Number of protein chains: 2
Amino acid sequence: MSRQRKQAGSRTTIRDVAAKSGVSVATVSRVLAGNYPTSEDAKKKVLAAIDELNYVMNAHARGLAGQGTRTIAILVEQVTSPFYAAVAQGVEEQAAAGGRLCLICTTHGDPAQELALVNMLRDQGTDAVIIVGGITPSREYEIRMARYAESLNAVGSVLVLCGRPRLDADVPHLVVAYENEEGAYAATNYILSKGHEDVIFVGGVEGISTTDDRVRGFRRAMQERGLPTEGRVLLGSHREAFGRTAVQERLARGRDFTAIVAYNDHIAAGALLAVRQAGLRVPEDVSVIGYDDSLLASNLTPALTSVAVPAQELGRTAVRRALEHQDGDVRDPSQVVTLATHVVVRDSVARPRA
Amino acid sequence: MSRQRKQAGSRTTIRDVAAKSGVSVATVSRVLAGNYPTSEDAKKKVLAAIDELNYVMNAHARGLAGQGTRTIAILVEQVTSPFYAAVAQGVEEQAAAGGRLCLICTTHGDPAQELALVNMLRDQGTDAVIIVGGITPSREYEIRMARYAESLNAVGSVLVLCGRPRLDADVPHLVVAYENEEGAYAATNYILSKGHEDVIFVGGVEGISTTDDRVRGFRRAMQERGLPTEGRVLLGSHREAFGRTAVQERLARGRDFTAIVAYNDHIAAGALLAVRQAGLRVPEDVSVIGYDDSLLASNLTPALTSVAVPAQELGRTAVRRALEHQDGDVRDPSQVVTLATHVVVRDSVARPRA
DNA sequence: AGAGAAGCAGTAATCGGTTACTACGTTGAT
DNA sequence: ATCAACGTAGTAACCGATTACTGCTTCTCT
């Protein structure tokens, strides 16, 4: 209500620019868009007037007239996680490269909030909605998300899922994934190649796709060598605190492992703490491998060996595909692009003793 | 270009809803806005039609017609910094509480980009533009930013500066700060209270307000005890790498200090590395104190004593004040709200030996 | 020199909401 | 019965950009 407009100066419009430079509004618009032949003379005059009047285009007017919003939205659980921050960074960069603004929204891991945001974003006319992170699959969720994907498409927008499986429904959407199962498989194999046989997997939330995938990779590597995984997968959360308590409790029951494959670097950090608290050393007594290769990994003591996920690249790829798709030149939209992960070797893994 | 509209179904507009429910577009708009008396009957019919047609309002049309966007923008250097991420988190939470979306933009520390973004954001109809982080003051920048602040106000939007001094110009804008000088003063005093006398300050960028403030706090604490600060302030960047090399070089020239006050936790992490590389121990040989109390601090070895900055609270306060201001009930807009910082004691500071 | 093409600029319709203004029907007071 | 007041609904003029369509030059080719 306190919003008063049309005061004294009001707003500088394309018409003011046209008047000042002595050309028509159409010409001004064309100079701005640059998609129509315009004489050098007119161009110069318009640019001068724009500069002098300090004119900025009204995004709403442009959006309304059919140019799209030129924004891209990204939905993450929380921005304070280094992994999501890095993905967001990638999205932001690529969006900027494509002349788009980047809208970052947080869902706090709540599927309902996620749906509400997608719904809202669609109204805003975002060019693309990128959802990052694993999800607990549920029938109802799938159905509603498919409806939204459909309506996003209806308004010329694109839904991109990052690090999460395709929707079941036959609705156009893009998927950019990174190796979860493969990464955990590689991490476990790296540990096993050092001679470990008693390995546990710690962290992650049961039922969330990312967790399930990593656990699967762990199991596969173990089973290929005929090692047991029964009772060796400790799920709970992806927070550092869980890593600490889970390992503490396990150690209290007796040390029946020589290596830990952590769900992520936070868990690994917690595990490190618990191991040290128990008077054991890393990697001499217990080896630990993390996941994500976040900022944390290189700063822990010992520096953490971790699976590097190309987080920024993930964000960039998501945007790139979304924009390509908007322009209609994605070969196969239903194809899942999967980015590779690799083990970054530091100091937290060694051969087991004896 | 590939954006084809007016296809088959086209877009469901308020007119479709009006037609379906047998009322006028004005009535539909009023039901949606809820700011005009409408009969229960009409309301019910409109709502039913909206539901049935799966109608969503076009944000551009609404924005163009002068209703504001209900979004809040935050400008930070980069989202991957834990500090900025935490502020952004706070902004996002409070914005959501106020029914606003949160637009996060990155400036990469470039004042020109910052200005360009503010300029652009104003026309998006953002309710508030929050700029976080210190800045190199420059006359030209001040003038342009003041102009933008003015034009933001003209369209009913608010400019909020976070952790940066007020604009010189007499232009309405809000400032939420946190103690920089006081924090560094407290950190230094904490170190001094342990008996240290040879202390150096490492990190930060010359000329940026945040750095200058922290250095001032350091100097004040030292001078109050009659200790020299000449040649004891090492500026360069706020990255970990700088912390490492700066301390390495200093140590190479001889160990003339027993404690380090770091510009932030990243610098502290680098310093820790350099100290250890030189065969010295923390805190036995050298004490280190950080700033920001980021995630990093508690995970370093030894756990880093650091100055806690209420980053999330900073974001929340910024949004709260902005929305209050829009509603016209901020008592004194020119008042700078300053949030307190405090030293979080961990294991990286000890008495100097002998 | 005249016809046709090409290059550039202008007019005005349009996007989808909001809202000032007008109009209508009902109620209540005189 | 008449008129004022009130509550509700409708008409149409905006908001500021885009762009189809039209028209005027200028240039080229015969």
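All of these numbers come straight from a predicted model, not from anything done at the bench. Below, read A as the first sequence line, B as the second, and so on, with proteins coming before strands; counting in each chain starts at 1.
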B/A26 side chain, from C-beta outward: closest of C/dC8, C/dT19, D/dG16: C/dT19
Interatomic distance, A/I130 atom CD1 to A/L103 atom CG [nearest 0.5 angstrom]: 11.0 Å
Distance (rounded to the nearest 0.5 Å) between B/Q94 CD and B/R100 CZ: 11.0 Å
Bending between helix ends of the helix from C/dA1-D/dT30 to C/dT30-D/dA1 [5 pairs per end, 10° resolution]: 50°
Roughly how many Å is it from [atom1] in [X] to [atom2] in [N], rounded to a whole number?
X     : N      : atom1 : atom2 : answer
B/N35 : D/dT8  : CG    : C1'   : 14 Å
B/L64 : C/dT18 : CG    : P     : 11 Å
A/E40 : C/dA9  : CD    : P     : 10 Å
B/H60 : D/dT18 : NE2   : C1'   : 14 Å
A/N58 : C/dG16 : CG    : P     : 16 Å

Mark yes or no for whether [X], through its side chain, and [Y], through its backbone, hold a donor-acceptor pair below 3.5 Å.
X      : Y      : answer
A/E142 : A/D168 : yes
B/T38  : B/V31  : no
B/T107 : B/C105 : no
B/S157 : B/D127 : yes
B/R166 : B/S334 : yes

base_contact_polar (C/dG10 base, A/R30 side chain, donor-acceptor, <3.5 Å): yes
Under 3.5 Å donor-acceptor pair, A/Y36 side-chain atoms to D/dA20 base atoms: no
Base, sugar-phosphate, or nothing: which does [X] touch, judged by heavy atoms less than 4.0 Å apart?
X     : answer
A/T27 : sugar-phosphate
A/V28 : nothing
B/S29 : base
A/A33 : nothing

For B/K43, all residues meeting salt bridge (charged side-chain N to carboxylate O under 4.0 Å, His left out), sequence neighbours excluded: B/E40
Verdict with reasoning, A/R316 to A/E313, per salt bridge (Lys or Arg N to Asp or Glu O under 4.0 Å): CA-CA 5 Å; A/R316 277 196 229 101; A/E313 187 54 30; 2.6 Å; yes
Closest approach of A/T13 to A/Y55 (non-hydrogen atoms, all atoms of both residues): C-CE1, 3.5 Å
DNA chain D-proximal residues of residues 13-21 of chain A, any heavy atom under 4.0 Å: A/T13, A/I14, A/R15
Phosphate OP1/OP2 of C/dG16: any B/R62 side-chain N/O under 4.0 Å: no
5' precedence on DNA chain C between A/V25 and A/D41 (nearest-nucleotide basis): A/D41
Nearest-nucleotide 5' precedence on DNA chain D, B/A61 against B/A42: B/A42
